[in-house]
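Encoded as structure tokens, the structure appears first; notes follow it.
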Amino acid sequence: MSERVSLRRPVADDREEFLARVRSSRSLHRPWTYPPATPEAFSTFVERSGTSSDTSLVCRGEDGAIVGVMNISNIVYGSFRSAALGYYALEPFAGQGYLSDGMRLVLRRAFGELKLHRLEANIQPGNARSIALASAAGFRLEGFSPRYLKIGGRWRDHERWAIRSDGR
């Protein structure tokens with residue numbers, strides 16, 4: 001386990017810190033992602049964190065500060081054993097390597113405890129920081145999907161990056 005960060009489920013008591021960090025991260029996130037930004041949206045985020053997805057807060061080891069989010073969703077078992085991965089950093093912690101550490105932990109979880117074979121990250125082509133994180137973690141570019149996801153009210157193109165449990 002990384003000493004710099006840990007992963008844990010979001011809980012209701014995280015609301016004030018999480019929402020303050022999301023507010024301060026608006027220019028970092030837009031137009032790439034739109035995290036929960038209201039108390040109501042945060043409550044829904046917490047409720048779904050262990051049911052329809054495997055959501056973890058990335059927390060700094062020294063003080064437990066919330067530095068980012070890792071979300072494994074669309075988990076399919078059977079002969080597919082695959083899922084989607086979404087992630088985002090929170091200010092003022094972006095660019096300090098915390099999400100890289102969190103990525104190592106979430107990959108260990110996905111391919112260990114969750115027993116997945118494949119994890120896919122769909123990233124908008126202009127999101128250089130997100131592409132760099134995925135690439136450094138071993139994800140490989142597999143393709144391009146025009147108008148793939150509706151984010152911020154617009155259908156946006158995405159690159160499909162993936163990693164398998166065998167690291168290929």
Side-chain angles (χ1 to χ4, degrees), residues 1-26 28-29 32-77 80-124 127 129-139 149 151 158 161-165 167:
M1 179 196 285
S2 170
E3 295 177 7
R4 279 182 26 108
V5 300
S6 63
L7 301 178
R8 68 170 178 80
R9 294 258 189 264
V11 296
D13 287 347
D14 293 320
R15 185 178 75 182
E16 297 309 315
E17 178 185 359
F18 183 89
L19 293 176
R21 298 232 192 277
V22 166
R23 278 192 301 276
S24 69
S25 302
R26 181 173 250 188
L28 174 68
H29 292 156
W32 318 119
T33 189
Y34 290 73
T38 66
E40 297 78 17
F42 180 77
S43 292
T44 301
F45 172 73
V46 169
E47 289 169 16
R48 292 182 179 163
S49 71
T51 55
S52 63
S53 67
D54 189 83
T55 303
S56 297
L57 299 178
V58 182
C59 298
R60 188 165 60 176
E62 66 189 68
D63 58 6
I66 301 169
V67 301
V69 173
M70 294 279 177
N71 184 45
I72 301 172
S73 63
N74 300 323
I75 300 170
V76 179
Y77 286 103
F80 196 45
R81 304 198 76 73
S82 185
L85 176 66
Y87 49 85
Y88 50 90
L90 294 166
E91 293 290 7
F93 306 105
Q96 297 179 39
Y98 293 116
L99 241 54
S100 294
D101 293 339
M103 179 70 83
R104 281 189 283 282
L105 295 177
V106 84
L107 291 176
R108 187 177 307 146
R109 177 167 169 66
F111 298 134
E113 184 179 339
L114 297 179
K115 296 182 171 72
L116 296 174
H117 168 70
R118 184 175 188 282
L119 202 55
E120 185 171 304
N122 295 289
I123 306 169
Q124 294 173 61
N127 191 343
R129 291 172 103 175
S130 187
I131 290 170
L133 177 61
S135 179
F139 284 73
L149 288 173
I151 298 175
H158 282 71
W161 290 77
I163 189 170
R164 294 190 322 245
S165 58

> Would you say Ser25's side chain and Leu28's backbone share a donor-acceptor pair under 3.5 angstrom?
Replying inline: no
> What class does the angle between the rings of Tyr98 and Phe93 fall in, given that below 30° is parallel, 30 to 60° is tilted and above 60° is perpendicular?
Replying inline: perpendicular
>> Given 3.5 Å as the limit, does a donor-acceptor pair link the side chain of Ser49 with the main chain of Val46, or not?
In response: yes
> Which atom pair, heavy atoms only, marks the closest approach of Ser73 to Ser53?
Replying inline: CB-CB, 4.0 Å
>> Under the criterion side chain to side chain contact (heavy atoms under 4.5 Å, CB included), I'd like the reasoning laid out for Val58 against Leu7: C-alpha separation, chi angles, the key distance, then a yes or no.
In response: CA-CA 5 Å; Val58 182; Leu7 301 178; 3.7 Å; yes
>> Using side chain to side chain contact (heavy atoms under 4.5 Å, CB included), reason through Arg129 and Leu99 one step at a time and then give a plain yes or no.
In response: CA-CA 11 Å; Arg129 291 172 103 175; Leu99 241 54; over 6 Å; no
> Which atoms form the tightest heavy-atom contact between Leu19 and Ala37, and what is the distance?
Replying inline: CD2-C, 3.6 Å
> Would Leu57 and Phe18 count as a side chain to side chain contact (heavy atoms under 4.5 Å, CB included) if you check the C-alpha gap in whole Å, the side-chain angles of each, and the deciding distance to 0.1 Å?
Replying inline: CA-CA 9 Å; Leu57 299 178; Phe18 183 89; 4.2 Å; yes
>> Contact between Val69 and Phe45 at the side-chain level, heavy atoms closer than 4.5 Å - yes or no?
In response: yes
>> Could you measure the distance from the CD atom of Gln124 to the CD1 atom of Ile151? Nearest 0.5 Å is fine.
In response: 4.5 Å
>> So, taking the atom named OG in Ser24 and the one named NE2 in His29, what distance separates them when rounded to the nearest 0.5 Å?
In response: 8.5 Å
> Minimum heavy-atom separation for Val5 to Leu105, with atom names?
Replying inline: O-CD1, 3.7 Å
>> Quick check: closest heavy atoms across Leu116 and Ser82, and the distance to 0.1 Å?
In response: CD2-N, 4.0 Å
>> Strictly distance-based, threshold 3.5 Å: is any side-chain N or O of Tyr88 a donor or acceptor partner for the main-chain N or O of Tyr34?
In response: no
> Going from CD1 on Ile123 to CG on Leu133, what distance comes out if it is rounded to the nearest 0.5 angstrom?
Replying inline: 8.0 Å
> In Å and rounded to the nearest 0.5 Å, what is the OG to CZ distance from Ser100 to Arg4?
Replying inline: 8.5 Å
> Does Arg118 make a cation-pi contact with Phe80 (under 6.0 Å, within 45 degrees of the axis)?
Replying inline: no
>> Around atom CZ of Arg26, are there more than 12 heavy atoms from other residues, nucleotides or ligands closer than 6.0 Å?
In response: no
> If you measure from CZ on Arg81 to CD1 on Ile75, what distance do you get to the nearest 0.5 Å?
Replying inline: 10.5 Å
> What pair of heavy atoms forms the shortest contact from Asn74 to Ala84, and how long is it?
Replying inline: ND2-CB, 4.1 Å
> Between CH2 of Trp161 and CG of Leu85, what distance do you get to the nearest 0.5 Å?
Replying inline: 13.5 Å
>> With a sphere of 6.0 Å drawn around CZ of Arg8, does it hold more than 12 non-hydrogen atoms of other residues, nucleotides or ligands?
In response: yes
> Which heavy atom of Ala110 sits nearest a heavy atom of Leu119, and at what distance?
Replying inline: CB-CD2, 4.0 Å
> Side chain of Arg60, backbone of Ile66: donor and acceptor closer than 3.5 Å?
Replying inline: no
